[in-house]
2 protein chains.
Amino acid sequence: MAHENFSIGDLAKATKTKVVTIRYYERIGLLPEPERTAGNYRSYSAAHLGRLSFIRRARDLGFSIEQVRDLLSLSDQRDRSCEAVDAIACAHLTEVDRKIADLQALRRELGSIIDQCGCGTIAECRIIEALSP
Amino acid sequence: MAHENFSIGDLAKATKTKVVTIRYYERIGLLPEPERTAGNYRSYSAAHLGRLSFIRRARDLGFSIEQVRDLLSLSDQRDRSCEAVDAIACAHLTEVDRKIADLQALRRELGSIIDQCGCGTIAECRIIEALSP
DNA sequence: CTTGACCCTATAGTTGCTACAGGGTGCATA
DNA sequence: TATGCACCCTGTAGCAACTATAGGGTCAAG
């Protein structure tokens, strides 16, 4: 069996991706258009499955669609230095760290406000008070 | 001076909010429509300024627009129990904690992959390898 | 009057999906 | 053959929370 054909549903199940999301990736050019059956159903190859797996893994790691696009492009250039890959990954890691820090600051403030709240009426609610001018 | 009037630009500066965002809040009903000048400029009262401050503080703490809408409604009911406020705040805090945990898991995985990357060619790139099937 | 900062409305775009509408295909079963 | 159900298709609009763009009016100082 030199050529396996997968339906879009097969790909969706194999990669835990929604069918509509796969169509979306095709529309934005992230996944190449596959061949079609006589019934106009999409017919994917194993290479498509591999590429979609890459996309999902990168998305799960929080890389933006554009970053994924760049990573895919770079991954095709086997002899090229992986410096650019490193740059994308490190920029993303820095962004993740910033988000964590922001959320932690937010959490501290919010937690502090909530801790002060002894449930009475709105008029004496510390949460409302903290938000009010 | 019993009645102070602020332009939309005044409000924007006072609350570090963009003018277009203030118009947006009005459109979605979060901020009541103000009076207008003869030239059709919005003319805000101090009460508007107070309400916008509340909105911005709540947004900065990560509350969704809908949560802010609910909090605003609750804040007007002075004699009511602040239980509902507490519920909104705690639900939000739980969500923030979940986001932090997710990001930290992601960060650990991403960081580990990046640490293994000794820059050579794409063909031997550990980052690309980690993403590939 | 001119100019520049500010204001106005309406509409479309951003990111990454996701929902909905309406219709076709494939296959198993009666 | 007919039916039913799961799956497929395209096109378009929606979601959250803004934000950009287009085109035009207002205000106040020089």
Side-chain angles (χ1 to χ4, degrees), chain A residues 5-31 33-44 48 52 54-72 88 91-92 95-96 98-99 102-103 106, chain B residues 5-31 33-44 48 52 54-72 88 91-92 95-96 98-99 102-103 106:
Chain A
N5 295 324
F6 304 100
S7 71
I8 196 167
D10 296 334
L11 249 69
K13 288 193 195 68
T15 57
K16 293 187 170 73
T17 310
K18 293 195 171 179
V19 164
V20 298
T21 305
I22 298 174
R23 287 198 202 106
Y24 167 68
Y25 290 155
E26 179 188 312
R27 202 173 73 244
I28 62 174
L30 217 45
L31 201 57
E33 286 186 29
E35 292 180 344
R36 296 287 180 132
T37 64
N40 201 32
Y41 281 25
R42 289 171 173 78
S43 177
Y44 293 97
H48 281 104
L52 183 57
F54 186 107
I55 293 167
R56 289 313 313 168
R57 283 208 189 88
R59 289 290 303 129
D60 287 341
L61 283 176
F63 288 101
S64 70
I65 293 284
E66 274 314 298
Q67 286 174 325
V68 175
R69 196 189 302 277
D70 291 342
L71 289 172
L72 281 168
I88 292 172
H92 178 45
E95 182 65 16
V96 170
R98 191 193 57 75
K99 281 178 185 167
D102 285 351
L103 278 173
L106 186 162
Chain B
N5 295 325
F6 303 100
S7 71
I8 195 167
D10 295 334
L11 248 70
K13 288 196 196 67
T15 58
K16 293 190 172 67
T17 310
K18 293 195 172 180
V19 163
V20 296
T21 306
I22 298 175
R23 288 202 201 101
Y24 168 67
Y25 289 154
E26 179 186 311
R27 203 172 72 243
I28 62 175
L30 217 46
L31 200 58
E33 288 185 28
E35 292 178 346
R36 296 285 181 134
T37 65
N40 200 33
Y41 282 25
R42 289 171 174 78
S43 178
Y44 293 97
H48 281 103
L52 183 58
F54 186 107
I55 292 167
R56 291 308 318 167
R57 285 210 189 87
R59 289 288 306 126
D60 287 341
L61 283 175
F63 288 101
S64 70
I65 294 282
E66 274 315 297
Q67 286 172 326
V68 174
R69 197 190 299 281
D70 291 341
L71 289 172
L72 280 168
I88 292 172
H92 178 45
E95 182 67 14
V96 170
R98 192 192 58 72
K99 280 179 185 170
D102 285 351
L103 277 174
L106 188 161

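Please read these numbers as outputs of a predicted model, since none were measured by experiment. Lettering of chains follows the sequences in order, A, B, ..., and the numbering in each one begins at 1.
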Do B:Leu52 and B:Tyr44 have side chains that get closer than 4.5 Å, going by heavy atoms? no
Separation of C:dC17 C1' from A:Leu52 CG (nearest whole Å): 14 Å
Go through D:dC8, D:dA20, C:dT18 for me and flag the one nearest to the A:Thr21 side chain. C:dT18
Which listed nucleotide (D:dA17, C:dC8, D:dT19) is nearest to the side chain of B:Ile65? D:dA17
Compare all side-chain heavy atoms of A:Leu71 with those of A:Phe54 and state whether any distance is below 4.5 angstrom. yes
Considering only heavy side-chain atoms of B:Arg23, the closest of C:dT9, C:dC17, D:dT19 is C:dT9
Is there, by distance only and without an angle test, a donor paired with an acceptor across the side chain of B:Tyr41 and the base of C:dC8 below 3.5 Å? no
Check the distance between D:dA16's P and B:Ile28's CD1 and give it to me in whole angstrom. 10 Å
Looking only at the side chain of A:Arg36 (C-beta and beyond, no hydrogens), which of the listed nucleotides C:dC8, D:dA20, D:dT10 gets closest? D:dT10
With a 4.5 Å heavy-atom cut-off, do B:Tyr25 and B:Arg56 have their side chains touching? yes
Would you kindly give the CG-to-P distance between B:Leu31 and D:dA17, to the nearest whole Å? 16 Å
Below the 4.0 Å mark, does D:dA17 have OP1 or OP2 next to a side-chain nitrogen or oxygen of B:Tyr25? no
I'd like to check A:Arg98 versus A:Asp102 (side-chain heavy atoms, cut-off strictly below 4.5 Å). Are they in contact? yes
Between C1' on D:dC18 and CZ on B:Phe63, what's the gap in Å once rounded to a whole number? 19 Å
Whole-Å distance between C:dT15 C1' and A:Ile55 CD1? 16 Å
Can a side chain N or O of B:Ser64 be found less than 4.0 Å away from OP1 or OP2 on D:dA16? no
With heavy atoms under 4.0 Å as the rule, sort A:Ile8 into base, sugar-phosphate or nothing. sugar-phosphate
Using whole Å, what does the distance between atom C1' of nucleotide D:dA17 and atom CD of B:Glu26 come to? 17 Å
Atom-to-atom span, CZ of B:Arg27 to C1' of D:dA20 - whole angstrom: 13 Å
Between P of D:dC7 and NZ of A:Lys13, the distance in whole Å: 6 Å
Determine, for A:Glu26 against A:Arg23, whether the closest basic-nitrogen to carboxylate-oxygen distance falls under 4.0 angstrom. no
Do any side-chain nitrogens or oxygens of A:Thr37 fall under 4.0 Å of OP1 or OP2 in C:dT25? no
Check every strand shown and say whether A:Arg59 touches a base, only sugar-phosphate, or nothing at a heavy-atom separation below 4.0 Å. sugar-phosphate
Check whether any side-chain nitrogen or oxygen of B:Arg42 sits under 4.0 Å from OP1 or OP2 of C:dT9, and answer yes or no. yes
